[in-house]
Colleague: 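Got a structure here, written out as structure tokens. Questions coming.
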Amino acid sequence: MIDLTVLVVMILSAATPLLFAALGELIVERSGVLNLGVEGMMIAGALAGFAAADATGNPLLGFAVAALGGAALSLIFGVLTQFLLTNHVATGLALTLFGLGLTALFGKPYEGVKAPSMAMGPFGLHWIAWAGIVAVPLIWWFLNRSRAGLILRGVGENHHAAHALGHKVRLVRLAAISFGGAMAGIGGAYISIATVLQWTEGMTAGAGWIALALVVFSGWRAFGVLAGAWLFGGVTVSQLRMQAAGIDVPVQLLAMAPYIATIVALVVISARRKGSAAPGSLGKIFHATS
Amino acid sequence: MLRRTFLATTVALTALAAAPAFAQDDEPLKVGFIYVGPVGDGGWTYQHDQGRLALEEEYGDRIETTYIESVPEGADAERAITQLALAGNDIIFTTSFGFMDATIAVAEKFPDIKFEHATGYKRAENVATYDARFYEGRAVMGTIAGMMTESNTIGYIGSFPIPEVIQGINSSFIHARKVNPDVEMKVVWAYSWFDPAKEADAAAALLAEGVDVILQHTDSTAPLAKAQEAGAIGFGQASDMSAFKPSPRVSSIIDNWAPYYIERVGQVMDGTWESKGTWAGIAGGEVEIGEITEAVPDEVREAALAMKDSIASGEYHPFTGPLNKADGSEWLAEGETASDEELSQMNFYVEGIDAEIPQ
């Protein structure tokens, strides 16, 4: 028998890194910037957070440092794309490679170190995971009900129009980029501090790429991101759970399931929606001509 | 354009590679390693790298070692091995089962270079294989697991359903049941040698199923971290994993490759190297049992050490009949032991493991 509470907690926990990273990227993309460096920022957060948690013995402080680390790395991307007008796609990819290489180098002394243990929240789910769920309605409210959110979306839909209205396009985007970096950093740190409890090179293992896919999957909506993270986390965990319970389903099918589910969901969504929901200026370089 | 550059590079590098053959003995012997995980995995790759360091210690300036870590099993492996071959290595160790076909393919192109593939079964004139009888160590772990479990449910995290891993599952189970007839085993396949997040999730899934002892055939310490959170116990895999002593890590299987590496590289130096398959175990020192900690009661420790000693002396073989396959058919008769050939192709669970092996 599979205990439902335990299963739900496991799913929520597995979804948390994806949720943080994808919510951050949602804000970034809504401001018209495509940052493919999520994986790099996550791994940077995973190391920075782990190092801080190890040094201070305080996991929560680790998350704060992870957010700073992710944001700092993302600002490199921000400066390159917003001031030096480099290509978003190439710069983002470079950021991922940079993050992976940098952490492989500086992570060496932390290999084999144990993370300090962390207080659990209700139902044995870490407080950070709860915070991720709470962030969803907040981000929804910010995007749809707040003036700042309206400006952010305006910048993302049409940066020339927003600029003409007197909004500081580059400033808004830099703020969005650093927010995205901070969220990705927290997501990465959740893996090193709360899930795996150790540091290993490359430990985010592609979570950043899944987070990027989740943003598209969600149709650039906060609750869509939540649904996607739960779906992906759910299928990943359920297949391991079913194996442990000895339920007789081909293991390869179970291992493939998260990817199949994502493809099916993407197909359903794209068939339903007319045109693309992507922000109008997504990935385009902004250069004020006046 | 690209092809021309490649050809030029190949010619230049081959020339470099050939150079030591003409030079006298003052050129160091070049030894290359391909690792499946990062050197800091704390498990499998870490131990191979310890072997490499032992080589450097032994031979000093007479050799020069290089390694490429975190090489994925698959198309990338062939590229990485070729890279080491072009860089003029005289002997190349490829240290994961999934590098088997890539090793054979590259070895065909470089007949003058010697290759050693860990845990595979395909050999050639210039390709030797080496492996360790991990199932002997797992018989000892299984004994501890069977006596230590309170829920009578033990869990096993498998990497890939290949004979080596299936041997380990069967050996652990047979010996856990030998000391505790009520023991049940749950198996979760991670489909990865090294993926800490997935290993942690797999351990959590087993723990949620009521398992209080976790055995693992994946390389990270993540399952031990999970076991610690839940108050369960586990074992060091491939290396000692002593950071988790005295509990959850109550003992370990340690792969000690250093003597083999030293022997084989020595043979390349004096020209006696030839292709063969090596499969040593506890007796040969390739499989070591890590310290059994004070978290283990004395009687369990004694039983485990007795098991280890009888395997080491050759008195006992972990696969000794009567043993049936999971489908109920007879496998080994009373007193009969499994042949190496049978073991190297093992693709079934023994009776009592209520699960299917993914095909």
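Letters A, B, ... mirror the listed sequences (proteins, then strands); counts begin at 1. The analysis underlying the following values was restricted to heavy atoms, covering all of them including side chains, and did not include hydrogens, waters or symmetry mates. Here the structure is a predicted model, which means the values were calculated and not measured.
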Colleague: Could you tell me whether D76(B) atom CG has more than 12 heavy atoms of other residues or ligands within 6.0 Å of it?
Modeller: yes
Colleague: Taking side chain as everything from C-beta outward and backbone as N, CA, C, O, which of these in E199(B) sits under 4.5 Å from a heavy atom of chain A? Side chain, backbone, both or neither.
Modeller: neither
Colleague: Counting only heavy atoms closer than 4.5 Å, note whether S117(A) contacts chain B via side chain, backbone, both or neither.
Modeller: neither
Colleague: Quick one: do D201(B) and T195(A) satisfy side chain to side chain contact (heavy atoms under 4.5 Å, CB included)? Show the steps, please.
Modeller: CA-CA 8 Å; D201(B) 283 343; T195(A) 311; 4.3 Å; yes
Colleague: Measure distances from Y156(B) to the heavy atoms of chain A and classify the residue's part below 4.5 Å as side chain, backbone, both or neither.
Modeller: neither
Colleague: Quick one: what part of V188(B) sits under 4.5 Å from any heavy atom of chain A, side chain, backbone, both or neither?
Modeller: both
Colleague: Minimum heavy-atom separation for E201(A) to S70(B), with atom names?
Modeller: OE2-OG, 4.3 Å
Colleague: Take a 6.0 Å sphere around CZ of F98(A) and say whether it holds more than 12 heavy atoms from other residues, nucleotides or ligands.
Modeller: no
Colleague: Does any backbone or side-chain atom of D354(B) lie under 4.5 Å from a heavy atom of chain A? Answer side chain, backbone, both or neither.
Modeller: neither
Colleague: Distance from S220(B) atom OG to M203(A) atom CE, nearest 0.5 Å?
Modeller: 8.5 Å
Colleague: Could you report the tightest heavy-atom contact between M10(A) and A208(B), atom names first, then the distance?
Modeller: SD-CB, 4.4 Å
Colleague: Between A225(B), A203(B), P196(B), who has the most heavy-atom pairs with chain A when the cutoff is under 4.5 Å?
Modeller: P196(B)
Colleague: Near Y349(B) OH, under 6.0 Å, is it more than 12 heavy atoms from other residues, nucleotides or ligands?
Modeller: yes
Colleague: Taking it one step at a time, do R241(A) and E209(B) satisfy side chain to side chain contact (heavy atoms under 4.5 Å, CB included)?
Modeller: CA-CA 8 Å; R241(A) 239 0 235 100; E209(B) 199 57 37; 2.8 Å; yes
